[in-house]
Participant: 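Let me give you the structure first, and then I'll get to my questions.
All residue numbers in this chain count up from 1 along the given sequence.
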Amino acid sequence: MWKKPHNWLIAAAGLLIIVLLGMDVCHAVNPETGQEYTVRFTDRLIYIIFIATSFILSDLTLMAAKNPFHQVFIAIVNAIMLGGFQIWLLFDFFTTRLPSGLRMSSVYSLSIGAIFPAVAIILLVLAVRRAADEGTAQRIARAFEAQARKNNR
């Protein structure tokens, strides 16, 4: 399973997403006191649900290593779900109002972890292309083998 490059890409996408549990979504520093405020991915239940679902889908994709077309389907579902996660992150950041009435985007700055879903989508798209190529090659080889057996009879 680990001999195929697309499995490494899928594993990298899964690890990139699970790392988010220890990261901040955004942060702010009070210029007067120097105190730092952060919003972590674990502070919001919806973020935890997106992260857990994506990690589980990455694991399922790796378990389907014997059938590249199943891998392609699960990886595409995961990429679509991560796209929704990325959109939700940005929507949440730009529309949430703080108790002071200010929007979160006017006080906080996004952290590097906020782009991890987009990077994971890129890794999954690369993996899908490689897995689809491998699946197509397997089907062509089976078709040639079946034709060769048919001609030998």
Side-chain angles (χ1 to χ4, degrees), residues 1-140:
M1 174 173 90
W2 293 109
K3 293 179 184 178
K4 300 172 185 174
H6 61 272
N7 289 332
W8 286 99
L9 292 170
I10 293 166
L15 289 174
L16 197 61
I17 292 302
I18 203 69
V19 164
L20 291 177
L21 289 174
M23 295 186 76
D24 301 332
V25 178
C26 54
H27 61 276
V29 177
N30 186 340
E32 296 170 0
T33 63
Q35 186 176 6
E36 187 170 327
Y37 301 95
T38 62
V39 176
R40 298 184 64 79
F41 280 97
T42 55
D43 292 344
R44 308 251 169 120
L45 180 63
I46 190 70
Y47 296 166
I48 295 171
I49 291 170
F50 273 119
I51 291 168
T53 305
S54 176
F55 186 71
I56 289 168
L57 285 173
S58 293
D59 285 346
L60 287 174
T61 306
L62 289 173
M63 286 185 223
K66 292 191 180 198
N67 191 337
F69 287 107
H70 287 141
Q71 275 191 315
V72 167
F73 175 74
I74 298 170
I76 288 172
V77 169
N78 195 4
I80 291 169
M81 201 259 331
L82 283 171
F85 182 32
Q86 186 69 58
I87 291 168
W88 185 267
L89 275 171
L90 295 174
F91 176 79
D92 198 22
F93 180 72
F94 288 110
T95 60
T96 300
R97 291 200 179 270
L98 299 171
S100 63
L102 294 172
R103 286 200 172 153
M104 185 183 285
S105 59
S106 64
V107 178
Y108 285 83
S109 300
L110 284 173
S111 298
I112 190 75
I115 65 165
F116 280 15
V119 174
I121 291 169
I122 293 168
L123 292 172
L124 287 171
V125 167
L126 293 172
V128 162
R129 291 189 65 207
R130 288 181 177 257
D133 289 346
E134 180 188 328
T136 304
Q138 284 180 357
R139 284 195 176 180
I140 290 171

Participant: What pair of heavy atoms forms the shortest contact from Ala13 to Ala120, and how long is it?
Facilitator: CB-O, 3.9 Å
Participant: Check Leu20 against Gly113 and note the closest heavy-atom contact, atom names and distance.
Facilitator: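 Taking every non-hydrogen atom into account, CD2-O, 3.3 Å.
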Participant: What distance separates Met104 CE from Arg97 CZ, expressed to the nearest 0.5 Å?
Facilitator: 12.0 Å
Participant: Quick one: do Arg44 and Asp92 satisfy side-chain contact (heavy atoms from CB on, under 4.5 Å)? Show the steps, please.
Facilitator: CA-CA 11 Å; Arg44 308 251 169 120; Asp92 198 22; 2.4 Å; yes
Participant: Would you compute the distance between atom OH of Tyr108 and atom OH of Tyr37 and round it to the nearest 0.5 angstrom?
Facilitator: 8.0 Å
Participant: Please find the pair of heavy atoms, one from Phe55 and one from Gly14, that lie closest to each other, and give the distance.
Facilitator: CD1-O, 3.5 Å
Participant: Taking Phe50's backbone N and O only, do any of them form a donor-acceptor pair with Ser54's side chain (distance below 3.5 Å, no angle check)?
Facilitator: no
Participant: Could you give the distance from SG (Cys26) to CG (Asp43), rounded to the nearest 0.5 Å?
Facilitator: 9.0 Å
Participant: How close do His27 and Ser111 get, heavy atom to heavy atom, and via which atoms?
Facilitator: ND1-OG, 3.1 Å
Participant: Given side-chain contact (heavy atoms from CB on, under 4.5 Å), test Phe41 with Leu89 step by step and report yes or no.
Facilitator: CA-CA 10 Å; Phe41 280 97; Leu89 275 171; 3.7 Å; yes
Participant: Return the CG to CG distance between Leu124 and Leu16, rounded to the nearest 0.5 Å.
Facilitator: 9.5 Å
Participant: Would you tabulate the side-chain donor-acceptor contacts of residues 60-70 under 3.5 Å, counting partners in other chains and residues two or more places apart, or write 'none'?
Facilitator:
unit_1, atom_1, unit_2, atom_2, d
Thr61, OG1, Leu57, O, 2.7
Asn67, OD1, Phe69, N, 3.2
Asn67, ND2, His70, ND1, 2.9

Participant: Just how far is it from atom CD1 of Ile18 to atom CE of Met23, taken to the nearest 0.5 Å?
Facilitator: 13.0 Å
Participant: What pairs with Arg130 under salt bridge (Lys or Arg N to Asp or Glu O under 4.0 Å), at least two apart in sequence or on another chain?
Facilitator: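 Expected list: none.
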Participant: Should Leu110 and Leu90 be marked as a side-chain contact (heavy atoms from CB on, under 4.5 Å) after you check the CA-CA gap, both sets of side-chain angles, and the distance that decides it?
Facilitator: CA-CA 9 Å; Leu110 284 173; Leu90 295 174; 3.9 Å; yes
Participant: Quick one: CD1 on Ile121 to CD1 on Ile115, what's the gap to the nearest 0.5 Å?
Facilitator: 11.5 Å
Participant: If I compare all heavy atoms of Ile10 with all of Ser58, which pair ends up nearest, and what's the gap?
Facilitator: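 Closest pair (atom of Ile10, atom of Ser58, distance): CG2-O, 3.7 Å.
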Participant: For Gln86 versus Ala114, what's the shortest heavy-atom pair and its separation?
Facilitator: NE2-O, 2.8 Å
